[in-house]
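In what follows, every heavy atom counts, from backbone to side chain, and hydrogens, waters and symmetry copies are set aside.
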Amino acid sequence: MVMAEATVMATFTATTVGTVRSRYEQPTGLFINNEFIASASGKTFVVENPATEEKICDVYEAAEADVDAAVNAAEEAFKSWSAVDPSIRGRCLLKLADLIEENLELLASIESSDNGKPLKLSRIDVGLVANVLRNYGGWADKIFGSVIDTGDTHFSYTKREPLGVCGQIIPWNFPLLMWSWKIGPAVATGNTIVLKTAESTPLSALVASSFVKQAGFPPGVINIVSGYGATGQHISNHMKIKKIAFTGSTATGRHIMRAAATSNLKKVTLELGGKSPNIIFDDADVEKAVEWANTAIYFNSGEVCCAGSRIYVQEKIYDEVLAAFKKRAEQNVLGNPFHEDTFQGPQTSKLQFDRIMSFIEEGKREGATVITGGTRYGDKGYFINPTIFADVTEDMNIVKEEIFGPVVTISKFKTVEEVINLANDSQYGLAAGIHTTNINKAHHVANKLKAGTIWINTYNDFHHQVPFGGFNQSGIGREMGAEALDNYTQVKAIRIAIGKDE
Ligand code: NDP
C-alpha cells in the first residue's frame, strides 16, 4: 500500500545547535522507483540521537514484500540502465555529486545528529562522498575489455558486463560515505541496486537519495530500504539479486556468505572487522607518531574497522611514548558533536556503548592496567572516555577481538622480526601502521605485514583512488579505486572464427 506523501516525509530541524537552523524535510519512507513510499505493513522504527538519547523520528521498516518490490524495480531498470550509453551513467553520478556538495551543511548536520560524529568530521565525510561519486562518474565510460591475439584464425576479445541487481548492506559508522562507496562503482558499471542502511543511522542516506531523481537517474536504478538485520537477510537470500556487497562484522559476513551459498550463489564482497596493529619504532618522530596513534584509535569514536587498536612500541622509547600518548588522549575533547572543538562524539548506539563497556570490564578482569579512561563520560549520551590498556598479553580478548570503540592496547617489543610476528598474529588483516624514519625498514615491514592497507607515518589516511579491503577474515574484494569496478562487472569472452577469403 502506498501511503500519502505526507506520511513518508517528516518535517523537523536537523539540529538546534549546528549551522543548519532552518527546518527541512526528512524522508522517512522506503526509496523505490525514485519515490518515497511507506512500507507495505506500515511498520516503523525509532531513530535516536546518540548524544542526547532523544528520539529524532520514526522511519519505515522494510519487510520481505518491500525488498521484493525494490528488487523488481531494480530488475526492470537494469534492462535499460545496463544498455545505455555509459557516459549518461557518468553524468548522473557527476550531477549527484554536485547536489550532495550543494547540500553539504544539511547532510553533515543530519549525520552528526543521527550518528553522533562531530560536525567537522561529518563535513569531511560529505566532501568525500562527492569525491567518490565523481571518481566513479569519470570511470563510467572507461570500462574496457581487451583484444587477445590467438592467431589469425580467430578474433578473440573480452568485454566487462554488469552483474544485474546488486544487494548492498551498509553499517552505521560512516553512513553516507558507505552509501557512496557502494553506489558509485555499482551504478557506474550499469548495475542497479537495492541498498539497506543500518537501522541506527538511516537518515542521511534517505536525504541524499532524494537527489537521485534530480540527478537524472531513471526510476529503479537506486533503491534504498531501511530496516534491521532481517531486512538484510531477505536481501542476502534473494534469488533475483546477483551480487551482495556488505560492510559490517565478520560474524554477519559469515551469515551473508552462507545465504549466498544456499540461495543462488550470488557473488559476494565483504568488508569486515579488524584488529589493526600500529607499530612505533625507536627511530620514529615520537611527537608525530603519538599524534597518529591518537588519530588511529580515537578518530570517529574508535568506530572504524581499520582503527589502530593494537599499538606496539619498541622498548627503548616505550615509557616516553606511553607518557606522551596518555597526555594526548586526555586532551581529546568529548561532547556535543555540534561544538567546533569537539574531537570525539558519543558511540552511535546504546548497543555499541554496552558492547564496548563490557570489553573494558573484561580487560580489567583479565588483569590489564588502565592507563587512562575505562569509564563512561558524562551521564547523558553514549560517551566513553578514551581508554588505554597496558600490561596486556597477546591471549587477552581485548588484544584479539575487535572492540570498535575508543579502546586501545599498548605493548612493547624488541626486534623487527618480533613485531612482524606479533602484528600478523590475528584472524584479521585489514590495515596496519608503521612509524619510522628508516625507509628501508618501512618497506621491509610493509612487505611482511598481512593486511590490505599499510600506512607509513600516517593513519586512517584514505583516498578514493586507493583500494581498501581485507586480508584473512577482514574481507573479500576491494572497495574504491579501479579494483572496486572488478567486483561489479563480469568478463565475457567472445571468439569469432575468421573465414579465409579465397
Ligand atoms: P553487523 O555486521 O551485524 O551489521 C552491519 C549491517 O548488517 C547492518 O546494516 C545490519 O542491520 C546488517 N545485518 C545484521 N544482521 C544481518 C544478517 N543476518 N543478514 C544481513 N544483514 C544483516 O554489525 P553490528 O551493527 O551488530 O556491529 C557489531 C560489530 O560489527 C561492531 O562491534 C564492530 O566490531 C563490527 N562492525 C564493523 C564495521 C566495519 O566497518 N567493518 C561496521 C559496523 C560494525 P542492523 O542495522 O539492523 O543491525
Exercise for the section: Take Glu161 and Lys492 through the test salt bridge (charged side-chain N to carboxylate O under 4.0 Å, His left out) and record every step on the way to the result. Expected result: CA-CA 7 Å; Glu161 294 191 354; Lys492 180 178 277 177; 3.1 Å; yes

Exercise for the section: Tell me yes or no: between the side chains of Thr348 and Asn115, is some donor less than 3.5 Å from an acceptor? Expected result: yes

Handout entry: Polar contact flag, side-chain donor to acceptor under 3.5 angstrom, Gln352-Glu303
Key = no

Handout entry: Centroid separation Trp172 to Phe404 less than 6.0 Å
Key = yes

Exercise for the section: Answer whether the closest heavy-atom distance between the side chains of Gln347 and Ile356 falls below 4.5 Å. Expected result: yes

Exercise for the section: Identify the two heavy atoms, one from Ser112 and one from Leu119, that lie closest to each other, and give their separation to 0.1 Å. Expected result: OG-CA, 3.3 Å

Practice task
Under the ring pair (Phe, Tyr, Trp, His ring centres under 6.0 Å) rule, what do Phe462 and Trp455 come out as? Steps first, then yes or no, please.
Solution key: CA-CA 10 Å; Phe462 290 92; Trp455 282 299; 5.4 Å; yes

Fill in the blank from the handout: Quick note, side-chain hydrogen bond (donor to acceptor under 3.5 Å, both in side chains) partners involving residues 229-239, not counting sequence neighbours, are Asp68-His238

Practice task
Indicate the atoms forming the closest heavy-atom contact of Pro406 with Gln344, along with that distance.
Solution key: CG-NE2, 3.7 Å

Practice task
Not counting sequence neighbours, which residues clear salt bridge (charged side-chain N to carboxylate O under 4.0 Å, His left out) with Arg134? List them please.
Solution key: Asp98, Glu101

Handout entry: Donor-acceptor pair between Arg310 and Ser276 side chains, under 3.5 angstrom
Key = no

Problem - Residues, nucleotides or ligands: over 12 heavy atoms within 6.0 Å of Asn447 CG - result: yes

Problem - Under 3.5 Å side-chain donor-acceptor pair for Ser200 and Ser349 - result: no

Exercise for the section: Provide the closest heavy-atom pair for Asn72 versus Lys240 in the form atom of the first, atom of the second, distance. Expected result: OD1-NZ, 2.9 Å

Exercise for the section: Decide yes or no for Phe246 and Glu271: does some side-chain heavy atom of the first lie under 4.5 Å from some side-chain heavy atom of the second? Expected result: no

Fill in the blank from the handout: Closest heavy-atom pair, Lys275 versus Lys400, reported as atoms and distance to 0.1 Å, is CG-O, 3.9 Å

Practice task
Report yes or no: do Ser146 and Thr158 form a side-chain donor-acceptor pair below 3.5 Å?
Solution key: yes

Exercise for the section: Can you establish whether the number of heavy atoms outside His463 located under 6.0 Å from its atom NE2 is more than 12? Expected result: yes

Exercise for the section: Indicate the atoms forming the closest heavy-atom contact of Val407 with Tyr298, along with that distance. Expected result: N-CE2, 4.4 Å

Practice task
Indicate whether any N or O donor in one side chain lies under 3.5 Å from an N or O acceptor in the other, for Ser474 and Asn472.
Solution key: no

Problem - Ring-ring centroid check Tyr488 Trp139, cutoff 6.0 Å - result: no

Exercise for the section: Would you check if the distance from the ring center of Trp81 to the ring center of Phe217 is below 6.0 Å? Expected result: yes

Exercise for the section: Taking the side chain as every heavy atom from C-beta outward, state whether Ile244 and Lys267 have any atom pair closer than 4.5 Å. Expected result: no

Fill in the blank from the handout: Shortest non-hydrogen pair, Val207 vs Pro27, comes out as CG2-CD, 3.7 Å

Exercise for the section: Go through the side-chain N and O atoms of Gln473 and Arg254 and say whether any donor and acceptor fall under 3.5 Å apart. Expected result: yes

Exercise for the section: Anything under 30° is parallel, anything over 60° is perpendicular, the rest tilted; go ahead and classify Phe36 against Phe31. Expected result: tilted

Practice task
Compute whether any side-chain donor of one residue and acceptor of the other, for Asn264 and Lys266, lie under 3.5 angstrom apart.
Solution key: yes

Practice task
State whether the number of non-hydrogen atoms from other residues, nucleotides or ligands found under 6.0 Å of Lys142 atom NZ is greater than 12.
Solution key: yes

Handout entry: Any side-chain heavy-atom pair of Lys243 and Cys166 under 4.5 Å
Key = yes

Completion exercise
The side chain to side chain donor-acceptor pair (under 3.5 Å) partners of Lys120 (sequence neighbours excluded) come to none

